[in-house]
Asker: 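The structure that follows is given in the form of structure tokens.
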Amino acid sequence: MNLEQLLEDKYGYRSFRTGQKEIISEVLNGRDVLALLPTGMGKSLCYQLPGHVLPGSVLIVSPLLSLMQDQVAQLKKMGEKSVVAINSFLKAEEKEQIWQAIGDYRFIFISPEMLLQPQVIRRLQRITIALVVADEAHCISQWGFDFRPDYLRIAEVLPALGAPQVLALTATATKKVEQDIRHYLQLDDPVIYIHPMDRKNIAYDLKNFRDGEEKREWLLAFAETYEGPGIVYAGTRRKAEELAGILTDNGLPAAFYHGGMEQQDRIFIQQQFQNGEINWVCSTNAFGMGIHVPNVRHVIHFQIPTAIEEFVQEVGRAGRDGLPALATLLMAPGDEKLMQALLIDELPTRHEIEAVASDSAGRVDLVEAGIVRETSYRVIRYWLGRMTPEQTIVQIERLAEDKLMRAASMTGLAESGKCLRAYILGYFDQQLQEHPENCCLWCGIDYEPYPLRTTESEESESLHWQQRLSRLLP
DNA sequence: CGTGCGGATGCTAACATCCGCACGGTGCCTTAGT
């Protein structure tokens, strides 16, 4: 089969990007594949193209509803009609209609939680699933153990679906994440494709401050000096709002974004950022997946992230256009303590585990009564289904240790005093081939490539007039 | 670690002030009964 011809017929591209052809060929050879491709390297084509060749539907397991909707819209825009997302956005009748004709859809998007529902499995059993895709597969490792346990259960469904082949796609994976993906998706002798993950156009900077006040002053001065767009990652929702407030108070086009907002507001901010109407988004780690803004110049971490994996994911949203981008990590004494406390507090407690274990009737009253938190309840139920309460407690303790170790690797980066790029690549078991010209603060950073803010003083003055006028008028 | 909230305090009626303590990120899925 001529893949290039197919690519041109279906998508109008003349040639594949690095890695795409290898991955697609292996999928078409019937192999399980785990592909590590950096963000923006055309991951979705790796299942879209096989979807036109394979004898059956492609089932894509996706972490976010917004991501699904986005991908469905994108496929439809490209002329692909037989696409659907099965999720809680659908009304009962819509859902029924889709199920009636489910075999007609070439691409079916679904969340792990929805996929695990028995009636969903029964419906999917009636059709031929040729390929199951785990999109953003690092979520298995990142979320499965203590947040969204259904992520660990995807493989349970596969036998019922006729044991289709599996393609796992992600941008960031340590050896541990890779192993988790292989194990929990039960990949069968998979082909592993690893693309070098170094992003040469991103320089890594680090600033030490005495306290948060100094950080705030620096952030404001930076945003007033340099042109965005940029993302500022804060540790908490409140902090994200506070930082956005500082920027907007000083006339900068900024907004905050976090998981506590209404879905509509979140979509609105995303769109404004994508249209360039907002220059700075101050957010928690909720912001990022599914954001396609190629020209993000700056990613600033106001507070230290909980792991290098997270840091790299977030930093990777900069400079997708290939132009120079800058990642800046702001540090102050005590920062790591806050994040450590946060990491551990959110895990199920011994008390919660014992409460769920002794509640043999399996009632959800514990959550209603405020004895067990909602997420804890589901996580505990997952583990109790597989081990004793005592083993579950040990399991959660191990998770806490693991999280603290990963957090320590992040502080290690901040304190190493050596090339940050080399440290990061080393963490992912990759070797730095060559230091780019703009590498990191230890190798030296030239700030000249980062465009300065164009002071549109006249424009802002006229805006002032408009504002004053609007205040005078009723 | 930093912050914000609720309750106690101090003393006789409303309110300022202090202290202890909980909380902090990430998202699917909710099919009851007016």
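What you see below is based on every heavy atom in this structure, not just the backbone, and it leaves out hydrogens, waters and symmetry mates. Throughout, a chain's letter reflects where its sequence line sits, starting with A, and its residues are numbered from 1.
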Asker: Does the pair A:Glu156/A:Arg386 count as a salt bridge with the N-to-O cut at 4.0 Å?
Answerer: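 Yes, A:Glu156 and A:Arg386 are salt-bridged.
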Asker: Which whole-number value in Å describes the distance from A:Leu64 CG to B:dC29 P?
Answerer: 11 Å
Asker: For B:dT9 versus B:dT30, give the span between their P atoms, rounded off to a whole number of Å.
Answerer: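 These two P atoms come out 49 Å apart once rounded.
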Asker: Whether A:Arg216 and A:Glu242 form a salt bridge (side-chain N of Lys/Arg under 4.0 Å from carboxylate O of Asp/Glu) is what I want to check.
Answerer: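 A:Arg216 and A:Glu242: salt-bridged.
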Asker: Tell which nucleotide pairs with B:dC28, taking only Watson-Crick or G-U wobble pairs whose two distances are both under 3.5 angstrom.
Answerer: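 Base-paired to nothing in any strand shown.
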Asker: Return the value, rounded to whole Å, for the distance between atom CZ of A:Arg153 and atom P of B:dC29.
Answerer: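 A:Arg153 atom CZ is separated from B:dC29 atom P by 15 Å.
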Asker: For B:dT26, take OP1 and OP2 only and decide whether either is under 4.0 Å from a side-chain N or O of A:Arg237.
Answerer: yes
Asker: Taking NZ, NE, NH1 and NH2 as the nitrogens, is one of them in A:Arg297 or A:Glu227 under 4.0 Å from a carboxylate oxygen of the other?
Answerer: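 Answer for the salt bridge query: no.
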Asker: Can you check the A:Lys239 NZ to B:dG4 P distance for me, whole Å?
Answerer: 9 Å
Asker: Take the protein atom CD of A:Glu214 and the nucleotide atom P of B:dG2, then report the distance between them rounded to whole Å.
Answerer: 14 Å
Asker: Rounded off to whole Å, could you give me the CD-to-C1' distance for the A:Glu336 and B:dG24 pair?
Answerer: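 Going from CD in A:Glu336 over to C1' in B:dG24 covers 16 Å.
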Asker: In whole angstrom, give me the gap between the C1' atoms of B:dT17 and B:dC11.
Answerer: 14 Å
Asker: Taking donor-acceptor contacts at under 3.5 Å, does the side chain of A:Thr375 reach the base of B:dG27?
Answerer: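 Yes, the side chain and the base share a sub-3.5 Å donor-acceptor pair.
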Asker: Please indicate yes or no: is the ring centre of A:Phe147 less than 5.5 Å from the centre of the six-membered base ring of B:dT26, with the two planes inclined by under 30 degrees?
Answerer: yes
Asker: Using the C1' atom as the point on both nucleotides, what is the distance between B:dA14 and B:dG10, in whole Å?
Answerer: 12 Å
Asker: Give a yes/no answer on whether the side chain of A:Arg148 brings an N or O atom under 4.0 Å of OP1 or OP2 in B:dG25.
Answerer: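 For B:dG25, OP1/OP2 do not have a side-chain N/O of A:Arg148 under 4.0 Å.
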Asker: Check whether the ring centres of A:Phe273 and A:Phe287 lie less than 6.0 Å apart, and answer yes or no.
Answerer: yes
Asker: Need the pair for B:dA14. Rule: Watson-Crick or G-U wobble, both distances under 3.5 Å, any strand; none if unpaired.
Answerer: none
Asker: Phosphate oxygens OP1/OP2 of B:dC29: is one of them under 4.0 Å from a side-chain N or O of A:Ser111?
Answerer: yes
Asker: With a 3.5 Å limit on both atom pairs, tell me what B:dG2 is paired to, counting Watson-Crick and G-U wobble, or say none.
Answerer: B:dC23
Asker: Please confirm whether the ring centroid of A:Phe145 lies under 6.0 Å from the ring centroid of A:Tyr184.
Answerer: yes
